[in-house]
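Quick notes on the structure that follows.
Counting from 1, the numbers follow the sequence of the chain as shown. Keep in mind it's a predicted model, so treat the numbers as computed, not measured.
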Amino acid sequence: MILQELLFPNGDTCSTLEMYFHPREGEHAPWRDPELDALRLPQWSHLDLDTYFNSFSIGKWRKYTKLGNLSLSLELAGEVQVQLVHWEMIGNKKFRHVFAEHICHAGERGTFDFEIPMETAERGVVCCSLYALDQACALFGGAYETEIATEQLNAVDIAVDICTFRREAFIERNLDLLNREIIKNPDCEMYGHLDVFIADNGKTLDIPRLQGERIHIVPNKNTGGSGGFARGMMEIIDYAPVRAFTHVLVMDDDVLINPDALLRNYRLLRLLKPEYAGKTIAGAMLRLDNRWKQHECCGNWNGRFVESGKRRLDLRKVENVLKNEVEVPFDFNAWWYSCIPMSRISNDNLPMPMFIRMDDVEFGLRTGGDILTLNGICLWHEPFAYKFTSSMDYYEIRNLMMMNAIHRPDVTWVKMSEQLLYRVLANLVRYRYKDCELVLRGVEDYLAGAEGLTRRDADALHKEIMAASDKFVTLDELELQFDEKTYRKNLKKNKSLLSTVRLAFLNGLFLPPKGPTVVDAFLSPPWACYRRKALLNYNELSGRGFVTRRSVLKSLSYLFRAIGLCFRLATGYNAAGQTYREAHKVLTSRAFWDQYLELK
C-alpha cells in the first residue's frame with residue numbers, strides 16, 4: 001500500500017524546487033527532462049529529499065497508525081548512490097543520521113525497494129539522499145509504502161464542506177482539480193470515497209453546470225461562514241441514507257487545493273489506530289503569493305486573541321520541516337482545512353451563529369483540541385491583507401466576548417474592558433473613527449445578549465456593518481497622492497522608547513499636525529502616524545487604499561464613549577454572558593439552524 005508518493009514541482013500548485021528537493025550548494029542543479037518525464041541529476045551532484053513534500057513523518061506514523069513496516073521505492077536511471085537518512089529536532093538543534101547506503105545500477109530505468117527498519121526512529125522524518133555517479137542519472141518517481149492486510153484498514157469516506165460567497169473562480173478551479181484527480185478518476189484510490197458539499201451564500205454559482213453525482217450545491221441564506229458551514233454539515237448528515245460519511249473536511253472557498261494532501265489525509269485515516277479515531281486532521285495554511293511560506297498551522301485561544309501555531313515558517317528549510325514534526329497542544333485548527341470525524345458533528349453539535357471570525361475557534365474549544373498535523377497536508381490561501389476590511393473590528397470583539405462567556409468564564413469584564421480600550425486606541429492613533437464605531441457597536445451588541453444575536457437578520461446586519469466601514473478605492477480616486485518611497489520607509493519597525501511614550505500621549509494628538517503620509521493599511525505602524533494630519537492607508541496586494549484624517553474632537557469623543565462602555569461592561573458583562581451560556585445548546589442545534597436559515 002502506498003502511503004506517500006514522491007512529488008515534483010507542479011505549476012498547478014507549487015513550483016518551488018526546494019519544497020520537493022534540496023540540491024547541494026555549489027553543485028549543478030537538477031532539471032526536469034520533458035522527454036524522459038524525469039528529474040535529471042548532473043554527474044557528481046547530490047539531491048536531498050529532506051523536504052516538506054518528500055520526507056516521511058515516521059514518528060507520527062509510528063505513534064498514531066497501525067504501520068508495522070515501511071519501505072521506500074525509487075524509480076531511477078543510471079548509477080546512483082542512495083543514502084537513507086533520519087532527521088530529528090532536539091531542542092533547537094537538528095540532527096542528521098545516515099542509517100543505510102546502497103549503490104544502484106539502474107541502466108535506462110529500474111525500480112529499487114529499500115526497507116526502512118521501524119526501529120530507525122521514534123521521532124522526526126526519514127528520507128533519502130541521491131548522489132549521481134554517472135551522466136545518465138535520473139529520478140522518475142517513488143513512494144513510501146507498507147504491507148498491510150486489507151481487513152486491517154479503516155473504512156473512510158470524506159465529505160468536503162465548503163461555504164462560498166461570490167468566489168466563483170476559486171470554486172470552479174478547485175472542482176475541476178478534484179474532478180480530474182479524484183472524483184472522476186477511477187485509477188485514484190479515493191475514487192468513490194470523496195463527495196463535495198457547497199453552501200452557496202451568494203447564490204451566484206451555476207449549479208446545473210457544476211453539480212454532479214458527488215458534487216452537491218445548495219443555495220443558502222447569507223448567514224456568513226458559520227451559516228454556510230452549518231448548512232453543509234446539515235446536508236451531509238441528511239445524506240447518510242445514501243452514503244454515511246466518516247469525516248467532514250471543512251474548507252474555505254478562496255484556497256488552492258493540493259490533491260495530494262487529500263490522498264495523504266485519506267491514507268492516514270485508513271491506518272489510524274482505534275484509540276486515535278477521534279483526531280481532527282489539520283491542514284496547514286500556506287500563502288498563495290509565497291507558496292513556500294507557512295502562515296499558520298493550528299492555534300490556541302488565550303482569552304484575548306488567537307496564538308497562531310508554527311507561524312511564518314519558510315518550508316524550504318529542513319529545520320522548519322522538523323519544527324512541524326514537534327507536537328504541541330492546540331485548541332483548534334482554522335476552517336481552511338479541518339478534517340473532523342463525524343462523531344464530533346451532529347444535529348445537536350453544529351457551528352454557532354457568529355457570521356464570520358472565530359466560529360472555528362469556538363467549535364474547537366467545544367469539541368476539544370484533539371488535533372493531528374502532517375507535513376504535506378496543506379493548501380494555499382490568499383494572504384489576509386487581501387481580505388482586510390474594517391468590518392472585522394465589529395465581529396472580532398463581539399465574537400471573542402461571546403466565546404469567552406461560553407468557554408472562558410474566568411475571563412473577567414476587566415480583561416474585556418482592556419480589549420475594548422486597546423482596540424479603540426489602536427484605531428484612534430490611525431484616525432480610523434469608523435473602526436472605533438464598529439468596535440463600540442460590537443460590544444454593545446454583545447451586551448444585548450443571546451436574544452439580540454438572533455433577533456437581527458444576519459445578512460442585513462452584515463450589510464450595515466460593511467456600509468459603515470472604510471472602503472478601498474483605486475489610487476486615482478483618492479485626494480492624497482501615493483508616494484512609494486514614503487510607503488517603504490513606513491513599513492520599517494520602530495520599537496523605540498520614544499514611540500512608546502508618544503503612544504501614551506495619544507500619538508501626538510494635541511500637538512500641531514504635520515503633513516500627510518502613506519502607511520500600510522493592514523499594519524499601519526503607530527510611529528508612522530505620529531502627528532500626521534491625514535493618512536493614505538494603502539494595500540499593496542490590491543493596489544487600493546483609503547484616506548483617514550485626524551480629528552481631535554472625534555478622538556476624544558470615541559475615547560470617552562469607550563470609557564463609558566467599560567462601566568457598562570462592569571455591570572452587564574456577566575449578565576449578558578449568562579444568556580449566551582444558557583442559549584448555547586439551542587444556538588448550535590438543528591432546530592435553530594433550520595429556522596435561522598429559513599429552511600422550515
Side-chain angles (χ1 to χ4, degrees), residues 1-16 19-20 49 51-57 60-61 64-65 125 141 143-144 156-162 170-171 173-183 185 188-191 193-196 245-272 279-288 290-298 309-310 313 315-316 320-321 324-325 333-341 371-382:
M1 174 184 176
I2 292 176
L3 301 175
Q4 180 180 314
E5 292 166 302
L6 297 186
L7 300 183
F8 293 82
N10 185 332
D12 288 336
T13 51
C14 178
S15 58
T16 303
M19 293 287 281
Y20 305 86
L49 278 70
T51 58
Y52 181 71
F53 284 123
N54 284 332
S55 62
F56 184 81
S57 303
K60 290 180 180 178
W61 277 92
Y64 293 108
T65 75
V125 303
Y144 298 93
V156 176
D157 287 281
I158 299 174
V160 179
D161 179 6
I162 299 175
F170 276 101
I171 291 293
R173 179 176 63 181
N174 285 328
L175 287 181
D176 178 66
L177 200 60
L178 291 176
N179 275 324
R180 186 171 69 249
E181 297 292 333
I182 299 173
I183 295 174
N185 180 10
C188 177
E189 66 197 83
M190 282 190 76
Y191 179 74
H193 298 284
L194 183 77
D195 281 50
V196 180
F245 296 100
T246 59
H247 294 79
V248 174
L249 174 50
V250 186
M251 184 181 290
D252 268 348
D253 60 344
D254 54 345
V255 300
L256 175 60
I257 294 174
N258 176 16
D260 184 76
L262 297 177
L263 283 170
R264 295 188 191 202
N265 191 340
Y266 177 75
R267 292 160 176 162
L268 182 66
L269 292 174
R270 292 272 276 164
L271 270 75
L272 271 188
K279 288 281 185 185
T280 289
I281 309 301
M285 173 191 160
L286 278 57
R287 291 178 56 125
L288 258 178
N290 297 313
R291 299 191 183 186
W292 43 266
K293 180 175 282 188
Q294 180 172 284
H295 174 78
E296 179 184 308
C297 185
C298 305
K310 313 291 178 73
L313 296 184
L315 296 178
R316 296 171 298 182
N320 290 331
V321 173
N324 271 345
E325 293 297 317
N333 188 58
W335 279 358
W336 46 64
Y337 188 116
S338 287
C339 190
I340 307 169
I371 293 170
L372 176 57
T373 65
L374 199 70
N375 278 326
I377 298 183
C378 66
L379 46 67
W380 290 269
H381 198 293
E382 280 190 323

Using a strict 4.0 Å threshold on nitrogen-to-oxygen distance, state whether E382 and R287 make a salt bridge.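 Salt bridge between E382 and R287, a charged N being under 4.0 Å from a carboxylate O: no.
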
Determine whether a donor-acceptor pair (N or O, by modelled atom type, separation under 3.5 Å) exists between the side chain of [X] and the backbone of [Y].
X: T51; Y: Y20; answer: yes
X: T65; Y: W61; answer: yes
X: Y144; Y: N54; answer: yes
X: N179; Y: L175; answer: yes

Using side chain to side chain contact (heavy atoms under 4.5 Å, CB included) as the criterion, list what pairs up with D195, not counting sequence neighbours.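 If we apply the side chain to side chain contact (heavy atoms under 4.5 Å, CB included) test to D195, skipping adjacent residues, the hits are F197, R214, H216, Y239, R243, F245.
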
Pairing residues for T373 by the side chain to side chain contact (heavy atoms under 4.5 Å, CB included) criterion, not counting sequence neighbours: K60, A282, C297, C298, I371

What heavy-atom pair brings K279 and L372 nearest, and what distance separates the two atoms? CD-CB, 4.1 Å

Smallest heavy-atom separation, C14 atom then M19 atom, equals SG-CG, 3.9 Å

What distance separates M285 CE from K293 NZ, expressed to the nearest 0.5 Å?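 Here the interatomic distance stands at 11.0 Å.
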
For the pair N258 and T13, evaluate side chain to side chain donor-acceptor pair (under 3.5 Å) and give the outcome as yes or no after the intermediate values. CA-CA 7 Å; N258 176 16; T13 51; 4.9 Å; no

Taking the side chain as every heavy atom from C-beta outward, state whether L269 and L272 have any pair of such atoms under 4.5 Å apart.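 Touching, per the 4.5 Å side-chain cut-off.
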
Side chain to side chain donor-acceptor pair (under 3.5 Å) assessment of N324 paired with Q294: CA-CA 10 Å; N324 271 345; Q294 180 172 284; 3.1 Å; yes

